[in-house]
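Numbering starts at 1 and runs along the sequence shown.
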Amino acid sequence: MRKHRQLSLLLACSFSLLAIAQGQQSAAPASGSAAQDSGPHTYTLKATAKTVAWGNYDAAAEAVLHIQSGDTVIFETLLTNSPTGLERAGVAPDQVQQSLRDVYADFPANKRGPGGHILNGPVFVDGAEPGDTIEVRIQKIDLAIPYAYNGFRFGAGFLTNDFPYARTKIIPLDREKMIAKFAPGIEIPLHPFFGSMGVAPPEGYGRINSAPPGIHAGNMDNKELVAGSTLYLPVHAKGALFEIGDGHAGQGNGEVDITALETSLTGTLQFVLRKDLHVKYPRAETPTHYISMGFDDDLSEATRLAVRNMIDFLVNDMHMNRDDAYMLISVAGDVDISELVDQNKGVHVMVPKVVFVKDNAKR
């Protein structure tokens, strides 16, 4: 009990500091369509039973917000755990978000699944058609609560047979120092990002599980997609139908036990409809790197996809020949494992922008 009270006190103090530091954000209501007047708009999309998708991406889903190209959305997202699960792991009841309790209480059971992520959206980008590209500019990511959790269970994770039981660990987050206090003597720098960002798959796919990433992007668990990065998503359904969630305060490449520093985040994202760009597979860029991706149940095939997608980018956008593109990846690129645990494995290839000494035009 003493340990529980100490943890509760620490979380309560941290939450108070977080609320003071973050202050109040104001934006237009997150309902209806963006007005057809001049200039982009900013909308806030809170996480409620009426504004989230539970565990799926679906081209037939009804949009909860319509926006125009150039608009910005502030997404208030929820972590992927239940109030009961958090309390059982040691979170004091008054530290569980009321919005999380409300979603668990009010979201219709027949609309849940097949996955477990609570995703905000879908957001409909007016004018987006299959074959277009949505450019998602990740402008800002804030911690919404002063703790994260990490957990594993039998039947999931890369070494599930080595750990045939379940454990969840609550990890306090220090927003001022931007560190996670993992254990005495162990502090982890925070790099918040969303594990899942994606659009609806083609209509013929139906409602798909939010866990495996794919051509729609989704649960990529790519820790490079922090504030300041840009994600390029191919549009497969009218309006794109963007969804976001699975907030992480940080993660190691691979996410080997199946969870990261799982937490609730508030993200500010701008959406630009690109009629001039026709990407066939999700890709991204940071201020310093170009990033291609590959997703497949077979890790070797996921890697082949990621490497081929980078070759295609270097040929089509950087105007290299295929031989040189292949060679450049080998001598200057990095092939990293995004995650190993979501059925489809994720691999991403990073090529540093600094190697291009000439001023290449932005795509």
> Using only atom types and a distance under 3.5 Å, with no angle test, would you say the side chain of Asp132 pairs donor to acceptor with the backbone of His278?
no
> According to the salt bridge (Lys or Arg N to Asp or Glu O under 4.0 Å) rule, which pairs have a member within residues 98-119, sequence neighbours left out?
Glu87-Arg101
> Using a 4.5 Å cut-off on heavy atoms from C-beta on, say whether the side chain of Leu190 contacts that of Leu143.
yes
> Can you establish whether the number of heavy atoms outside Phe107 located under 6.0 Å from its atom CZ is more than 12?
yes
> In the structure I gave you, are the side-chain heavy atoms of Asn81 and Arg88 within less than 4.5 Å of one another anywhere?
no
> Could you list the cluster mates of Leu241? Members are the ILVMFWY residues connected by side-chain heavy atoms closer than 4.5 Å, either directly or through other members.
Phe124
> Under a 3.5 Å cutoff, is there a donor and acceptor pairing between the side chains of Thr286 and Thr288?
yes
> Would you find more than 12 non-hydrogen atoms of other residues, nucleotides or ligands less than 6.0 Å from Gln98 atom CD?
yes
> Give every residue pair that meets the ring-ring contact (aromatic ring centres under 6.0 Å, His included) criterion with at least one member in residues 178-202, sequence neighbours excluded.
Phe193-His248
> I'd like to know if the side chain of Asn309 reaches the main chain of Ser292, judged simply by a donor and an acceptor atom lying under 3.5 Å from each other, with no hydrogens or angles considered.
no
> With Pro192 as reference, evaluate Leu261, Thr266, Leu265 under the side chain to side chain contact (heavy atoms under 4.5 Å, CB included) test and give the passing residue.
Leu265
> Is there a side chain to side chain contact (heavy atoms under 4.5 Å, CB included) between Leu273 and Phe271 once you walk through the steps?
CA-CA 7 Å; Leu273 174 59; Phe271 296 83; over 6 Å; no
> Under 6.0 Å from the OH atom of Tyr326, do we count more than 12 heavy atoms belonging to anything else shown?
no
> For side chain to side chain contact (heavy atoms under 4.5 Å, CB included), just list the numbers for Met310 and Val307, CA-CA rounded to whole Å, side-chain angles, deciding distance to a tenth of an Å, and then say yes or no.
CA-CA 5 Å; Met310 180 55 76; Val307 173; 5.8 Å; no
> Under 6.0 Å from the NZ atom of Lys50, do we count more than 12 heavy atoms belonging to anything else shown?
no
> Mind checking who shares a hydrophobic cluster with Val272, ILVMFWY linked at side-chain heavy-atom distances under 4.5 Å?
none
> Between the main-chain N or O of Ile208 and the side-chain N or O of Asn56, is there a donor-acceptor pair closer than 3.5 Å?
no
> Hey, does the Lys NZ or Arg CZ of Lys353 hover above the aromatic six-ring of Tyr290, less than 6.0 Å from the centre and inside 45° of the axis?
yes
> Tell me the closest heavy-atom pair linking Pro213 and Phe295, and the distance in Å.
CG-CD2, 3.5 Å
> Given Ile311, which partner from the list Asp324, Val349, Ile329 fulfils the side chain to side chain contact (heavy atoms under 4.5 Å, CB included) test?
Ile329
> Tell me every residue that passes ring pair (Phe, Tyr, Trp, His ring centres under 6.0 Å) with Phe154, counting only those two or more places apart in sequence or in another chain.
none
> Between Ser300 and Thr303, do the side chains contain an N or O donor and an N or O acceptor separated by less than 3.5 Å?
no
> Near Glu129 CD, under 6.0 Å, is it more than 12 heavy atoms from other residues, nucleotides or ligands?
yes
> Hey, does the side chain of Thr133 reach the backbone of Leu277 with a donor-acceptor pair shorter than 3.5 angstrom?
yes
> Between Asp296 and Lys345 (salt bridge meaning N to carboxylate O under 4.0 Å), is one present in this structure?
no
> Output yes when a side-chain donor or acceptor of Thr230 lies under 3.5 Å from a complementary backbone atom of Arg137, and no otherwise.
no
> I want to check something: taking the side chain as every heavy atom from C-beta on, are Arg322 and Asp312 in contact at a cut-off of under 4.5 Å?
yes
> Using modelled atom types and a 3.5 Å cut-off, is there a donor and acceptor pairing between side-chain atoms of Thr77 and backbone atoms of Gly245?
no
> Between the side chain of Lys169 and the main-chain N/O of Ala183, is any donor-acceptor distance below 3.5 Å?
no
> Can you check whether Ile118 reaches Leu100 side chain to side chain, under 4.5 Å on heavy atoms?
yes
> Check whether Tyr147 reaches the backbone of Gln95 with its side chain - one donor and one acceptor, N or O, closer than 3.5 Å.
yes
> Please collect all side chain to side chain donor-acceptor pair (under 3.5 Å) contacts where either partner lies in residues 153-162, sequence neighbours excluded, each pair once.
none
> Using the rule given for side chain to side chain donor-acceptor pair (under 3.5 Å), can you reason through Ser196 versus His117, listing the C-alpha separation, both sets of side-chain angles and the distance that settles it, and then say yes or no?
CA-CA 9 Å; Ser196 190; His117 301 98; 5.5 Å; no
> For Asp71 and Gln68, indicate whether the former's side chain and the latter's backbone hold a donor-acceptor pair under 3.5 Å.
yes
> Please tell me whether Ser264 and Gln97 have a donor and an acceptor in their side chains that are separated by less than 3.5 angstrom.
yes
> Please check if the side chain of Asp336 supplies one atom and the backbone of Ser338 the other of a donor-acceptor pair under 3.5 Å.
no
> With the side chain counted from C-beta on, respond yes when Leu119 and Tyr57 share a heavy-atom pair under 4.5 Å apart, and no when they do not.
yes
